[in-house]
Enquirer: 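Sharing a structure below in structure tokens format, with a few things to ask.
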Amino acid sequence: MLHLQSADLSKEKVETLVIPVCEDKEIHEDKVITGLIRRAKKIKTFKGEKDDELIFYSDEKVSADQIIFKGIGKAEKLDPEAFRALCGKAVQGLVKQKIKEVLFAVPSAKKCGLDPEALTTAMMEGAFLGNHVFDRYKKEKKERPVEKIEFLVKADLEKKLADLPRRIETICAGTVMAREWISMPSNHKTPDQFAHEIAKQAEETDLQVTVLDEKALEEKGFGALLAVGAGSLRPPRLVILDYAPKGAEKTIAIVGKGVTFDSGGLDIKSRDGMETMKSDMSGAAAVGAALITLSNLGPANLGLAKIGASDKRIIGILPLAENMPSGGAARPGDIICTYSGKTVEIGNTDAEGRLILADAIAYAVETYKPDALIDMATLTGACLMALGEKIAAVFSFEDELPQKILESADKTHERCWRMPLPEDYKELLKSEFADINNMPNSPWGGAITAALFLSEFVGETRWAHIDIAGPSYSKKKDAYAGPGGKGFGVRLLCDLMEQL
Ligand code: BES
Ligand code: ZN
Ligand code: ZN
């Protein structure tokens with residue numbers, strides 16, 4: 001679907017041509033394009049300011065049904081994200097118009113002060129992701145994704161970046177997979193259905209998939225995961241995705257929270273609080289989709305060896321449960337025995353994410369002895385309060401792992417912010433009757449106390465926790481994502497796995 005091309009614009013016919021235009025600098029090199037921009041800027045209403053748009057429906061020199069000029073703002077604002085957003089919005093517009101093909105004029109990276117690969121990557125990501133429409137439950141499809149998205153570059157770049165389109169397609173298809181899972185309603189993704197769906201998507205890959213059902217979980221002692229699922233008619237599952245390329249030396253475990261619906265349990269949420277809780281499995285969606293993507297990128301397929309993720313074994317661990325109130329549900333005050341052997345007093349049944357993660361983390365540590373463990377979870381409303389809808393929080397006791405996460409976040413614009421993890425706050429998790437309480441005895445610093453709870457189950461393993469309660473889901477659309485699941489974390493984890 002994504003293609004690079006270096007054809008001569010004055011000879012080729014295109015359906016739609018999109019040209020990014022900078023307000024105060026010429027960023028293109030192609031003579032035909034710069035000529036077009038000169039003409040566009042003669043029109044008074046178009047300056048090239050951010051979100052300015054102008055359309056030519058005919059031109060003497062270029063044969064195109066429409067030429068869309070899109071303003072990107074001042075030269076000082078030119079970063080990859082500006083281009084990602086521009087391409088995303090452009091494609092969203094074309095999807096509404098049911099346009100089949102588009103050609104984006106890629107500016108000169110040098111003139112933008114950017115790296116050519118970073119610039120082209122961002123444009124491809126924005127265009128691919130902006131092309132996704134979640135309409136699987138609509139009979140009448142009002143929008144249609146663009147079929148062919150091309151990028152006009154100079155011939156030398158076309159050669160140099162020849163592998164890029166397939167790579168970006170593979171990675172962004174992972175984001176789209178996660179989005180679809182997150183946006184899917186909970187009646188279509190019970191823990192068992194979701195486990196099957198993940199296994200189905202992993203079928204064509206070289207991942208080894210294991211699904212533990214409630215009997216296996218009981219035998220192995222997953223007391224916390226079972227307690228969270230106890231109120232639901234649909235029992236919990238644990239999905240394990242094992243990516244083990246030959247010769248792997250390190251092992252990384254990634255754990256993702258998979259609460260397929262969080263009603264709060266007996267500590268039931270308010271109507272507003274429950275509204276978006278089908279998305280409480282966004283961590284599992286991101287981890288599952290990232291593993292499937294990494295495998296698709298693998299040495300046999302896309303030469304990941306060259307990039308560096310093939311020197312490690314990567315294990316995805318996805319605890320899946322539905323948190324519901326019922327006669328069988330866990331009660332506030334219940335004490336459970338977790339996989340690790342530690343006992344937990346359930347001070348609040350709505351703090352269920354940390355419970356299922358506790359079991360999954362302890363299992364990962366014991367079974368795979370990973371060199372590092374990362375967990376990703378829609379864990380706390382407090383995190384959403386602190387950082388808003390676009391930024392995830394990173395917690396760790398060390399500096400190296402979070403630093404790597406922040407670098408990947410920067411590169412992918414899946415933004416993260418490091419938070420403190422003060423050990424003395426652990427006091428807030430004391431229980432009179434058990435080893436630890438899942439409910440802190442203070443209303444403040446909820447994202448921190450949740451992270452500290454998890455830290456009790458990692459042992460000596462290097463560990464970082466990413467709270468994605470904010471950026472995982474929104475009722476609003478963005479520059480390159482529709483309303484609903486955002487697939488946040490897939491691009492971040494894929495990049496991170498290559499860097500670690
Ligand atoms: N799934 C929620 C956290 C959440 C809230 C994610 C809003 C996304 C948007 C989590 O299970 C939860 O309910 N946490 C409680 C913990 C509290 C009871 C200690 C919270 O944050 O209020
Ligand atoms: Zn909850
Ligand atoms: Zn939850």
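Counting starts at 1 for both ligands and their atoms, in listed order. Only this structure's heavy atoms are used, side chains among them; waters, hydrogens and symmetry mates stay out.
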Enquirer: Applying a strict 4.0 Å limit to heavy atoms, is R354 in contact with ligand 1?
Expert: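 R354: in contact with ligand 1 (<4.0 Å).
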Enquirer: What N, O or S atom of D280 is found closest to the Zn ion (ligand 3)?
Expert: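 Atom name of the closest N, O or S in D280: OD2.
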Enquirer: Would you call M439 and D267 a side-chain contact if the rule is heavy atoms closer than 4.5 Å?
Expert: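 They are not in side-chain contact.
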Enquirer: Hey, does K486 have a side-chain heavy atom less than 4.5 Å from the side chain of P471?
Expert: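 Of all side-chain heavy-atom pairs linking K486 with P471, none is under 4.5 Å.
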Enquirer: Classify the ring geometry of Y363 against F222: parallel below 30°, tilted from 30° to 60°, perpendicular beyond 60°.
Expert: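 Ring orientation, 0 to 90° scale: tilted.
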Enquirer: Do you see an N/O/S atom of E352, backbone or side chain, under 2.8 Å from the Zn ion (ligand 3)?
Expert: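 Within the cut-off used here (under 2.8 Å), E352 does place an N, O or S atom near the Zn ion (ligand 3).
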Enquirer: Using a strict 4.0 Å cut-off to heavy atoms of A469, name the atoms of ligand 1 that fall inside it.
Expert: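 In order of numbering, the contacting atoms are 6 (C), 8 (C).
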Enquirer: Are side-chain N/O atoms of T380 and D467 paired as donor and acceptor at under 3.5 Å?
Expert: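 A pair is found: one side chain offers a donor N or O, the other an acceptor, under 3.5 Å apart.
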Enquirer: Suppose we measure from atom 7 (C) of ligand 1 to each protein heavy atom; which comes out shortest, and what is that distance?
Expert: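 For this ligand atom, the closest protein heavy atom is M277 CE, 3.6 Å.
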Enquirer: Tell me whether the rings of W181 and F194 are parallel (<30°), tilted (30 to 60°) or perpendicular (>60°).
Expert: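 The arrangement is perpendicular - the two ring planes meet at more than 60°.
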Enquirer: What is the minimum heavy-atom distance between V91 and A127, and which atoms define it?
Expert: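 That would be CG1-O, 3.6 Å.
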Enquirer: Please note down the angle at the Zn ion (ligand 2) between O of D350 and OD2 of D262, to the nearest 10°.
Expert: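 Rounded to 10°, it measures 170°.
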Enquirer: Please identify which atoms of ligand 1 are closer than 4.0 Å to at least one heavy atom of M439.
Expert: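 Counting from 1, the qualifying ligand atoms are 19 (C).
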Enquirer: In the structure I gave you, are the side-chain heavy atoms of D192 and R234 within less than 4.5 Å of one another anywhere?
Expert: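 No; the side chains remain at least 4.5 Å from each other.
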Enquirer: With atom 15 (C) of ligand 1 as the reference point, say which of D262, D350, N323 has the nearest heavy atom.
Expert: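 Considering heavy atoms of D262, D350, N323, the nearest to atom 15 (C) of ligand 1 sits in D350.
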Enquirer: Please write down residue, atom name and distance for the protein heavy atom closest to atom 20 (C) of ligand 1.
Expert: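 For this ligand atom, the closest protein heavy atom is G381 N, 3.9 Å.
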Enquirer: Does K257, backbone or side chain, put an N or O under 3.5 Å from an N or O of ligand 1?
Expert: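 Min N/O separation from ligand 1 is below 3.5 Å for K257.
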Enquirer: Return yes if some donor-acceptor pair links the side-chain N/O of R144 with the main-chain N/O of K98 below 3.5 Å, else return no.
Expert: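 At least one qualifying donor-acceptor pair exists.
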Enquirer: Identify, by atom number and element, the atoms of ligand 1 in contact range of K269, meaning under 4.0 Å from any of its heavy atoms.
Expert: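 Heavy-atom distances to K269 below 4.0 Å select 2 (C), 12 (C), 13 (O).
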Enquirer: Do you know the tightest heavy-atom contact between M274 and D262?
Expert: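 Result for this residue pair: CG-O, 4.0 Å.
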Enquirer: Tell me whether K257 has at least one N, O or S atom under 2.8 Å from the Zn ion (ligand 3).
Expert: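 Checking the Zn ion (ligand 3) against K257, an N, O or S atom does fall under 2.8 Å.
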Enquirer: Which option, L379, T449, D280, owns the non-hydrogen atom nearest atom 3 (C) of ligand 1?
Expert: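 It is L379 that holds the nearest heavy atom.
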Enquirer: With atoms numbered from 1 as shown, which atoms in ligand 1 lie under 4.0 angstrom from a non-hydrogen atom of E352?
Expert: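 Matching atoms, with element in brackets: 11 (O).
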